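The block underneath contains the structure these notes are about, expressed in structure tokens.
Fair warning: this is a prediction, and the values are worked out from it, not measured in the lab. Letters A, B, ... mirror the listed sequences (proteins, then strands); counts begin at 1.
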Amino acid sequence: MSEIPKAYEPQSVETKWYDFWLEHQCFTADPARVSATRPAYSIVIPPPNVTGVLTMGHVLNNTIQDILARKARMEGKEVLWLPGTDHAGIATQNVVEKTLKKAGEIKHRDDLGREALVAKIWEWKEKYGGIILKQLRALGASCDWTRTRFTMDPEYSRCVQKVFVDLYKKGLIYRGKRMVNWCPASLTALSDEEVVMKEQKGFMYHFRVEVVELPGTFLTIATTRPETIPADTAVAVNPNDPRYQHLVGNHVYRALPLDVPKEQRIIPIIADEHVTFDFGTGVLKVTPAHDKADYEIGLRHKLPVIDILTPDGKMTAEAGVDLAGLDRFVARKKAHEILEAAGTLEKAEPYVNNVGFSERADVPIEPRLSEQWFLKYPSVEESKACVAQPEERSAGLRPGAVGEMDDSRRIGDRRSEMRFYPDRWAKVYDHWMTGIQDWCISRQLWWGHRIPVWQNSGEMSLREVYRHLLTAVLEADNYGIENQAEFSIRVDGSLIVTDANDFLGKIESDDKALDVRDFHQVTVCTAHENAAACLENIGFTQDPDVLDTWFSSWLWPFATMGWTDDKATDAKNPTLKAFYPTTDLVTGPDIIFFWVARMIMAGYEYMGDLPFRNVYFTGIIRDKQGRKMSKSLGNSPDPLDLIAKYGADALRFGVMRAAPLGQDVLFDEQSVELGRNFCNKLWNACRFRQMVGTADSVIEGEINPALLTSDDQWILLRLDQAIREVTQAFTEYKFSDATATLYRCFWGEYCDWYVEASKAAFPNAERGTRSAEQERLAVNKLAVMDFVLGNLLRLFHPFLPFITEELWHGMGYAQDLPDDRGGKTLMFATWPKAFSDDEKAYFGLDETADRVAQAKYDLVSLGRTLRRELKLDPAKKLKFILKPAGELPPAEVEVLKLLLNAEAVELVAPDWTPAKGTPSAGNLLGELYLPTTGLIDFGAERARLTKELETIRAEIAKVETKLANPAFAQKVPAKVLEEHRQRLVDWQAKEKQAQTGLENLPT
RNA sequence: GCGAGAUUAGCUCAGUGGUAGAGCAUUCGCUUCACACGCGAGGGGUCGCAGGUUCAAACCCUGCAUCUCGCACCA
């Protein structure tokens, strides 16, 4: 730090050190370095959407991960922070399709066709897909970029296929015609988790239908969706409803469509428990094709299903001429008009109900009957049991700290091994796992992992299919026939072949069943490349659907580490061996079901072990009014702008300070400004150290305990306390607590008191030269400063990686350290340790030292207040008189003088009494007087002291009342009783001080 | 409807039985030789409401109110 700018300038420093770290491969994890003395620490990044750009949410999430990773490195762990992106099926395909449409290249994706569109998306991905990962570097993220993964990498895709085939073989994946959530905008099915309920204002329409068997008798039906009337196939009432019981078994004329003759619109009145008496009219129209509950009713009563909606949400011809071709919402209005015109509408009253929306496309979903692939979740029991519930934790049943390994861990062991922070999310997780529903995993998209299932239509016998496949597989040199997960074959849905061995056996046994053909549909599920090609050649067709993106992300913790599902290979995989299970996962609670829960299940199913030990759930970043950040509100600042303006460290520190565990973060640019100010303060504190360092003073000299002043002892104790607090905060993932401690220790203690007090020990123009003794004290003080600053820089490093690295080198602290212990980079310097008892004894650090310094600073504050209240000229150096309560070394008096900005502090004997009217203040260190001359305004000081006296007396009264209570003295623990007595004494002393001070004021 | 969380200074939050705290904001003063991205001194709180337990409650218990978030959902 030869040229030291007055203010810290982050820009050049940040790029310099990031490049340095990359160049020296500081982020690269090497499993070979893992040992008993160098444990592994790993995090996998929640893969951001490949179309994404950095948001404040990413800043929060990734800063936390970086802090954890950097802290772990300083603790001597081998750290893997594994980055990557996911392919985000719907989002990415949408982005590219839109771009192409905008450019006029296509009107519809069919114009390009599947292969060409997918090629375009890949092109787009190569060009823009890495943006967010680049942006993370600006933030300082210490990811191992050499291991960057993408969910559609070839190796990763293989993992997805293998898992699919395995689950298919196990019968957990099945295809079925079900009611699914259909997104009419994206034209695909969605899982339940991708549907959010939103309150919608609409109408409740009451309309009449006539009972066929009893002309003139009408039923009134209430519905919010009159446009679906043409799809009604029954009218249902509760079997116990006395109003309608007698009508069950009769029929009604369906109200729509009107262009169909009445006789063709007859539907039955059925009785079903699902119908509630008191909702609506107690009569329910049953639309099996367009409502989940109605579909169930339809199944129970074997009702026909009439589908009147196209995939994109338009009415079909079956809805009648009036509605056909209309959008579903237009059709609703139209249906209303038709009913009204026909005179069958009784009323339409405003009504608010909850409607399912596609989370991504933000349009109402349609329940739709379609063929989809479903997964019955594996390893549910273990997954449910492994997460510690809050009550277990408070009962002390859980093992301890972060990342702590427990060798007794066993699969199926009922002891929970994973902890959520905050733990209340464990309840949410448990609840979801309890009522878990099968997962709809197919998506009608082109971008993604295509479902590895092929079908024929029966032109070929099973035996022929076998022969072709066998040849294809034997030709493959890379995958042997013994690889059991490669095949699963079903005929008309029944599992015929479970794996390749089975397949061989069947062929050899000359099974007659193998010659079936014609109407038999052969379904082959395989992850084998050659087999896939072979199937294409012999006329099989691959399922057109792709898999839900989460079906690939749920494998993230091990698929990114080179997992193959070949037990022998995986057992030899050094990365998996060293880094799986990962230590921490940092993510948002909004994807607890989408991702976290599913990763846990995949972890147990495929690794036989949980995927991570601790899950930290961040809050949501909001603006300062508490609104979610959104593009449309324009309240979402660009993190890169903030970094350019304030520096990455400032952004990190500001965000971490504002982000308490488990709470949403109300973000305000002011907090980044505060971060910048903090960095600047740190910068200047180090500058000060450099400026007071004399030519002959060494950097980081030995501290001589004999030369420590009370200030030195005090700051060493404060540092010790800070180290304890920060370290503790880490074990609880309380990062905002850690920043608060660091803020207090560095700014409030080191800068405000220690540095200021130290100025008494260093020369300046006015004070002239020092004695040899003073010189020794000053040099020792430099050593203390270096010790404190060196420790603080290390404590700060996970939060402020750039500025601390710059100062670490600039101050020369890296000089004498071994390369792997901070010599090359602060990243690998050791994490500060609190003093042991021996060290405390060696430095003479005890409560007395602490109290003396503290009392000294208190007295300074009292003196400053006195001066201020008397409205004395702030520029004028005043003379103070001090009557010490005990021994007070000259060095201490020098400090008092400096901190009081006094011309002199004159010591007087215990029997000295001030002149009448001398303002005073005091504490256990002694009595401070401020002899005044000239015209002084004592009014303010009198008012202040009077008020203070009142407060003091109120406190005394409180304590006295307590102590006077016989029950108190009897029941209270001795320690508390003693505390109260001491408190009374303290308050009484203060009372006396204030009283004297008041009396001393001239009248 | 079920469940969870929140409610403490103007704002954002610490504080799980024993003297109500921090940062920011605010007021006032200061070109004090590291830093005005700074320094110093202040003001500001019946701890959401009502009961209860206790010698003692912001903290434990009960009820209520308001807000937020999950889950479920009746047309």
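- Residue A:Glu673 is classed as having no contact, given no heavy-atom separation below 4.0 Å to the nucleic acid.
- Both A:Val428 and A:Tyr351 sit near RNA chain B, but only A:Val428 has its closest nucleotide nearer the 5' end.
- Across all strands shown, B:C33 has no partner, as no Watson-Crick or G-U wobble contact with both distances under 3.5 Å is found.
- A donor and an acceptor atom, one from each side chain of A:Thr951 and A:Glu948, are nowhere located under 3.5 Å apart.
- Across all strands, A:Met204 comes closer than 4.0 Å to no nucleic acid atom at all (heavy-atom distances).
- Contacts of A:Arg983 with the nucleic acid, taken as non-hydrogen atoms under 4.0 Å apart, include base atoms.
- The pairing partner recorded for B:U16 is none, the criterion being a Watson-Crick or G-U wobble arrangement whose two distances lie under 3.5 angstrom.
- Across all their heavy atoms, A:Cys679 and A:Asp649 have their closest contact at SG-CB, 3.8 Å.
- Of all heavy-atom pairs between A:Met179 and A:Ala289, the closest is CE-O, 3.7 Å.
- Checked against A:Met811 for a side chain to side chain contact (heavy atoms under 4.5 Å, CB included), the options A:Met785, A:Arg689, A:Glu806 give a single hit: A:Arg689.
- Pairing for B:C71 is with B:G1, a Watson-Crick or G-U wobble pair whose two hydrogen-bonding atom distances lie under 3.5 Å.
- At the heavy-atom level, A:Pro589 lies nowhere under 4.0 Å from the strands shown.
- Residue A:Trp432 is out of contact with every strand shown, counting any heavy-atom pair closer than 4.0 Å.
- Of the P atoms belonging to B:U19 and B:G3, the separation is 36 Å, rounded to the nearest Å.
- Using a 4.0 Å heavy-atom distance criterion, A:Phe593 is classed as a sugar-phosphate-only contact.
- Checked by distance alone, A:Lys6 brings no side-chain donor or acceptor within 3.5 Å of a matching partner on the base of B:C35.
- Remark: aromatic rings of A:Trp425 and A:Phe420 are distant, center separation not under 6.0 Å.
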Listing time: all N or O pairs from protein to nucleotides 7-14 of chain B that are below 3.5 Å?
from, atom 1, to, atom 2, distance (Å)
B:A14, OP1, A:Gln663, NE2, 3.1

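- Side-chain proximity of A:Arg687 to the nucleotides B:A34, B:A75, B:G18 is greatest for B:A34.
- Contacts of A:Lys958 with the nucleic acid, taken as non-hydrogen atoms under 4.0 Å apart, involve only primed sugar atoms and P, OP1 or OP2.
- Using a 4.0 Å heavy-atom criterion, one finds that A:Val275 contacts the bases of the nucleic acid, with or without backbone contacts as well.
- Comparing A:Glu869 and A:Asn677, the nucleotide of RNA chain B nearest to each residue sits closer to the 5' end for A:Asn677.
- When each of A:Gln11, A:Glu669, A:Glu673 is tested with A:Lys645 by the rule side-chain hydrogen bond (donor to acceptor under 3.5 Å, both in side chains), just one qualifies, namely A:Glu669.
- Between A:Phe678 and A:Phe796, a ring centre-to-centre spacing shorter than 6.0 Å is recorded.
- A:Ile221 comes within 4.0 angstrom of nothing in the nucleic acid, heavy atoms only.
- Here A:Lys876 does not reach the OP1 or OP2 of B:U32: none of its side-chain N or O atoms lies under 4.0 Å away.
- Within 4.0 Å (heavy atoms only), A:Lys947 reaches sugar-phosphate atoms of the nucleic acid but no base atom.
- Among the heavy atoms of the strands lying under 4.0 Å from A:Thr276 is at least one base atom, whether or not backbone atoms are also near.
- Here A:Cys751 lies in heavy-atom contact (under 4.0 Å) with a base.
- Across the strands present, B:U62 finds its partner in B:A50; the criterion is a Watson-Crick or G-U wobble pair with both atom distances under 3.5 angstrom.
- Aromatic ring pairs are classed by plane angle as parallel below 30°, tilted from 30° to 60° and perpendicular above 60°; the pair A:Tyr743 and A:Trp747 is parallel.
- Within 4.0 Å (heavy atoms only), A:Tyr743 reaches sugar-phosphate atoms of the nucleic acid but no base atom.
- Residue A:Asn354 places a side-chain atom within donor-acceptor reach of the base of B:C73, judged by atom type and a 3.5 Å distance cut-off alone.
- Nucleic acid contact for A:Asn353: sugar-phosphate only, since backbone atoms but no base atoms lie under 4.0 Å from a heavy atom of the residue.
- We find that NE2 of A:His431 is positioned 8 Å from P of B:A72, with the value rounded to whole Å.
- A pairwise comparison of heavy atoms in A:Ile952 and A:Lys990 identifies CD1-O, 3.8 Å as the closest pair.
- For the C1' atoms, the distance linking B:A56 with B:G43 amounts to 30 Å, nearest Å.
- For the P atom pair drawn from B:G40 and B:A22, the interatomic distance equals 15 Å after rounding to whole Å.
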